[in-house]
Amino acid sequence: MKDEYEFSEIYKRFEIEGEYVSCERYGEGHINDTFRLTVAHGGREVHYILQRINHRLFTDVEKLMHNIELVTECCKESVLARGGDPLRECLTIIRTRNNKTFYFDGANYFRMYVFIEGATTHQSVRNPRDFYESAVAFGNFAKLLAKFDASQLYEILPNFHNTKVRYANFLRAEEQDVCGRKAEVQKEIDWVIAHGELCGKLVDKIDSGEIPLRVTHNDTKLNNVMLDDATGKGIAVIDLDTVMPGTLCYDFGDSIRFGCSSGAEDEPDLSKVHFCLDLYETYLQGYLSAVGGAILQTEREMLPWGAVLMTYECGMRFLTDYLEGDVYFRTHREKHNLDRARTQFKLVDEMLAAFDKMLAAAKL
Ligand code: ADP
Ligand code: GN1
Ligand code: MG
């Protein structure tokens with residue numbers, strides 16, 4: 001089968017040695033096109049991550065890579081300071097032969113990272129311990145980002161987690177109904193509108209200064225953290241495209257959204273999708289233990305709202321994309337985005353039903 005891109009030529013642009021062996025699709029991200037490149041060097045096979053950056057979304061790749069470079073450098077310093085191995089515990093950008101952080105072939109933008117070996121990203125929580133370790137990794141990452149002066153970073157996707165703006169986008173998609181899909185999803189549309197008062201819960205507190213804006217990851221789902229195959233520890237936080245100003249509640253909440261569901265994000269059978277309060281408590285413990293004194297009481301009390309808001313917002317984004325014709329998230333089947341939206345709405349219903357317990361756990 002012919003490669004999707006001229007990988008055997010593209011890889012030569014990067015500062016690596018070895019002969020091209022293969023390059024195949026890798027991982028389950030919804031945004032970029034990720035490939036595992038294999039080259040033969042010194043009698044063994046060496047892997048790299050090669051990504052075609054989604055430049056429809058990331059229109060300024062220079063700025064995107066500027067951010068990632070700064071964050072990976074900061075990560076490297078802190079890993080070296082504790083005697084760790086930065087090649088496994090951080091993303092490492094491989095530069096091009098003309099010393100750039102990405103390669104533009106005239107049509108597509110590519111970047112390359114060192115492949116983190118002996119570690120895995122998971123699509124679902126196999127056991128509470130893994131989830132706890134992912135929480136520790138994201139909590140440590142939050143502490144690392146606390147060192148960052150936000151003014152050094154570009155806000156790559158403005159209003160990324162501004163739920164009010166997401167809601168306005170949703171209403172516009174629903175009104176325009178460009179694909180004629182509206183009638184079929186009226187029930188879901190009504191549900192989103194009925195919960196519209198949720199939109200201001202975090203944004204208003206940021207605007208009033210009750211919750212501080214920090215530099216956050218903004219995409220903390222389980223498959224964006226690598227767990228060491230041997231020790232089970234969360235060793236590296238990856239997918240740094242959305243590191244931008246945000247709140248800890250977003251990062252905490254997005255992990256809960258993805259990890260505390262008994263079903264996959266795109267599970268079509270909703271009877272399999274439930275919010276797992278025990279996993280929520282597990283994550284909370286791990287996250288708080290790692291973040292330590294860096295979290296304010298006001299933020300801590302809003303963590304459960306982070307979970308509700310990130311789930312509501314993500315469901316709304318999936319539904320918006322369904323209405324707009326599946327132009328944002330990668331889909332693999334018909335109604336894929338609709339299935340995704342429905343799981344999120346079910347989770348929100350169950351989170352709201354368990355909300356008092358979520359709040360009590362966060363306040364302890
Ligand atoms: P997307 O933005 O599309 O989600 P990611 O950067 O998260 O793309 O990459 C997709 C998947 O590729 C990850 O979930 C992970 O499994 C794998 N991956 C990404 N970077 C690395 C790396 N440096 N080493 C090993 N695997 C990686
Ligand atoms: C996307 O890139 P990936 O697959 O890790 C999306 C997140 C959503 C997530 C839903 C840049 O994350 O915001 O929460 O899908 N990333 C972007 O699974 O939009
Ligand atoms: Mg990802």
Side-chain angles (χ1 to χ4, degrees), residues 23-38 46-59 64-65 67-68 71-72 75 86-94 110-124 134 156-163 166 169 216-229 235-244 246 250-251 253-259 261 264-267 306-307 309-321 327-332 336-337 339-341 343-344 347:
C23 193
E24 64 279 333
R25 276 202 176 257
Y26 196 77
E28 297 193 24
H30 297 335
I31 301 297
N32 295 301
D33 289 313
T34 303
F35 303 91
R36 188 179 74 156
L37 167 76
T38 307
V46 185
H47 300 126
Y48 295 92
I49 285 288
L50 180 66
Q51 275 182 330
R52 182 184 152 268
I53 299 168
N54 179 335
H55 71 268
R56 185 176 174 274
L57 173 60
F58 301 113
T59 49
L64 172 75
M65 294 310 292
N67 281 5
I68 295 181
V71 176
T72 52
C75 177
L87 290 178
R88 287 197 82 228
E89 297 167 41
C90 305
L91 274 184
T92 305
I93 299 172
I94 310 257
F110 294 91
R111 68 181 165 208
M112 195 181 276
Y113 292 120
V114 167
F115 191 94
I116 299 172
E117 300 280 1
T120 309
T121 54
H122 298 279
Q123 302 308 324
S124 64
S134 78
I156 285 295
L157 302 172
N159 292 318
F160 190 62
H161 284 314
N162 185 327
T163 317
R166 295 287 187 187
N169 293 346
T216 48
H217 182 281
N218 295 305
D219 190 4
T220 49
K221 58 181 174 174
L222 188 66
N223 62 17
N224 285 332
V225 60
M226 305 211 58
L227 301 189
D228 190 293
D229 294 339
I235 53 160
V237 169
I238 61 169
D239 201 346
L240 305 176
D241 291 330
T242 51
V243 173
M244 287 181 294
Y250 295 158
D251 281 2
D254 201 42
S255 296
I256 299 302
R257 172 190 80 73
F258 190 85
S261 173
E265 189 184 65
D266 59 356
E267 172 58 58
L309 264 287
M310 287 299 93
T311 314
Y312 174 68
E313 181 187 283
C314 197
M316 187 158 68
R317 290 172 64 197
F318 288 141
L319 187 58
T320 303
D321 198 29
V327 289
Y328 186 93
F329 296 103
R330 179 177 303 111
T331 53
H332 302 287
H336 204 165
N337 272 318
D339 287 339
R340 290 171 176 153
T343 62
Q344 305 303 293
L347 290 170

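Each ligand, and each atom within it, is numbered from 1 in the order the structure gives. We're numbering straight along the sequence, starting at 1.
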*asked:* So, 2.8 Å as the limit: is an N/O/S atom of Asp239 located closer than that to the Mg ion (ligand 3)?
replied: yes

_I'd like to know: is the Mg ion (ligand 3) within the 2.8 Å range of an N/O/S atom from Thr121, strictly under that distance?_
no

*Any cation-pi pair here, Arg166 with Phe160, using under 6.0 Å and within 45°?*
yes

*Consider only side-chain N and O atoms of Thr163 and Glu313, and report whether a donor and an acceptor are under 3.5 Å apart.*
yes

*Is ligand 2 less than 4.0 angstrom away from at least one heavy atom of Glu28?*
no

*So is Asp241 close enough to ligand 2, meaning a heavy atom under 4.0 angstrom away?*
no

_Which of the numbered atoms in ligand 2 are under 4.0 angstrom from any heavy atom belonging to Tyr328?_
11 (C), 17 (C), 19 (O)

Please classify the [X] to ligand 1 contact at 4.0 Å (heavy-atom distances, strictly less than): side chain, backbone, both or neither.
X	answer
Thr120	neither
Ile116	both
Asp219	neither

_Distance filter under 4.0 Å to Phe115 heavy atoms, resulting ligand 1 atoms_ = 24 (N), 25 (C)

*Where is the nearest protein heavy atom to atom 9 (O) of ligand 1: which residue, which atom, and how far?*
Gln51 NE2, 3.3 Å

